[in-house]
Amino acid sequence: MAYWLVKSEPDAYSIDDLARDRTEHWDGIRNYQARNMMRDDMRVGDGVLFYHSSCATPGVVGVAKVASKPYADPTQFDPESRYYDPKSDPDDPRWILVDMAFQRKLKRTIPLSELKEIQALSDMILLRRGNRLSIMPVDKAHWDLILSLE
DNA sequence: GCCAACGTTGGC
DNA sequence: GCCAACGTTGGC
């Protein structure tokens, strides 16, 4: 079992939205690295840290898990969608997603500022300068440490 | 709102 | 294949 972190802007889709929906197809990912991780590396049951970005207090806010095998992101074929990709071939879809299922909301937000102060987390991808990946792997040791801060 | 960092696009 | 221009991300 592997561990991941996904970013979401709470104005667009928050942990409370996921708590309400219980499960959500993680659509709209238009970055090849992130797509490759969903397509090639995620397995049903993998753990996911849910992270709020571009907000007053960015940080880890909940736990989810991977809830489906990878499949084609339907929004790429929908001309009405902001994620529409006219260059994607329906016979060979460019964008792949998985479903995410709600597990729980943390008792508190664990803020980015706090994670940055922890030496043992200094090599986390999330904390690397200029990191813009919206999906990234998390080491088990980092996963355990972050959740121990709750 | 600013701006650094990055990924993608497209001309050559 | 290079690289400048551009758009986006995301913290502050």
Side-chain angles (χ1 to χ4, degrees), chain A residues 2-21 24-42 46-66 70-139 141-150:
Chain A
Y3 299 90
W4 306 93
L5 180 146
V6 302
K7 294 179 187 170
S8 188
E9 299 186 17
D11 288 347
Y13 198 81
S14 72
I15 188 68
D16 293 320
D17 293 324
L18 187 63
R20 177 198 64 214
D21 298 339
E24 173 75 348
H25 31 267
W26 210 245
D27 61 17
I29 301 297
R30 294 295 179 267
N31 169 282
Y32 290 105
Q33 262 184 283
R35 177 206 65 184
N36 292 349
M37 284 186 270
M38 289 198 288
R39 186 188 62 190
D40 304 332
D41 302 323
M42 284 191 177
D46 280 359
V48 177
L49 294 174
F50 199 100
Y51 177 92
H52 280 174
S53 65
S54 294
C55 56
T57 306
V60 177
V61 294
V63 179
K65 64 177 172 181
V66 176
Y71 59 99
D73 181 341
T75 63
Q76 68 196 303
F77 303 123
D78 176 5
E80 301 299 311
S81 169
R82 61 174 290 219
Y83 301 119
Y84 179 56
D85 183 351
K87 290 190 249 178
S88 183
D89 175 0
D91 293 326
D92 183 19
R94 179 179 292 193
W95 303 112
I96 303 294
L97 55 68
V98 299
D99 292 349
M100 298 290 179
F102 178 76
Q103 291 274 101
R104 65 191 185 86
K105 189 173 171 178
L106 300 190
K107 297 195 223 30
R108 70 179 185 102
T109 295
I110 300 169
L112 176 64
S113 58
E114 190 172 327
L115 300 179
K116 281 180 170 172
E117 288 172 5
I118 299 171
Q119 186 59 38
L121 297 178
S122 59
D123 54 340
M124 267 192 94
I125 295 170
L126 179 71
L127 303 181
R128 284 191 199 147
R129 198 168 59 100
N131 165 59
R132 287 171 42 193
L133 266 182
S134 62
I135 296 178
M136 66 196 83
V138 174
D139 291 347
H142 293 164
W143 170 281
D144 291 341
L145 201 163
I146 289 169
L147 291 180
S148 77
L149 302 172
E150 184 182 2

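So that the names make sense, note that chain A is the first sequence line, chain B the second, and so on, each numbered from 1. Values below: all heavy atoms of this structure, side chains included; hydrogens, waters and symmetry mates excluded.
- One atom, CG of A:L126, and another, P of C:dG11, lie 8 Å apart when rounded to the nearest Å.
- Note on A:Y51: a side-chain N or O is less than 4.0 Å away from OP1 or OP2 of C:dG11.
- Dashed line: the shortest gap from a side-chain N or O of A:K7 to OP1 or OP2 of C:dG10 is under 4.0 Å.
- Rounded to a whole Å, the CZ atom of A:R128 is 12 Å from the P atom of B:dG7.
- In this model, the phosphate group of C:dC12 is approached by a side-chain N or O of A:K116 to a distance below 4.0 Å at OP1 or OP2.
- Rounded to an integer number of Å, the gap from CD1 of A:I29 to P of B:dT8 is 13 Å.
- Distance, A:L115 CG to C:dC12 P: 11 Å, rounded to whole Å.
- Where A:Q33 and A:K87 meet DNA chain B, the nucleotide closest to each residue was compared, and A:Q33 sits on the side nearer the 5' end.
- Ring pair A:F50/A:W26 is perpendicular by interplanar angle, where above 60° counts as perpendicular and below 30° as parallel.
- Using the six-membered ring where Trp is involved, A:W143 and A:Y3 have ring planes that are tilted, between 30° and 60° apart.
- Taking atom CG on A:N131 and atom P on C:dG10, their separation rounds to 8 Å, with Å as the unit.
- Summarising the geometry, the separation between NE2 on A:H52 and C1' on C:dG10 is reported as 14 Å, rounded to the nearest angstrom.
- Residue A:S53 has its side chain nearest to C:dG10 when only B:dG7, C:dG10, B:dT9 are considered.
- The interatomic distance linking A:Y83 (OH) with C:dT9 (C1') rounds to 13 Å, in whole Å.
- In this structure, A:M136 atom CE and B:dG7 atom P are separated by 12 Å, rounded to whole Å.
- Checked against B:dT9, B:dT8, C:dG11, the side chain of A:Y32 finds its nearest nucleotide in B:dT8.
- Counting heavy atoms from C-beta on, the side chains of A:L106 and A:L147 come closer than 4.5 Å.
- In terms of phosphate contacts, A:R129 brings no side-chain nitrogen or oxygen within less than 4.0 Å of OP1 or OP2 of B:dA4.
- Taking the six-membered ring for Trp and the full ring otherwise, A:W95 and A:Y71 have centroids separated by 6.0 Å or more.
- Within the nucleic acid shown, A:S54 comes within 4.0 Å of at least one base atom, counting heavy atoms only.
- A:D85 has a carboxylate O that lies under 4.0 Å from a charged side-chain N of A:R94, or vice versa, which qualifies the two as a salt bridge.
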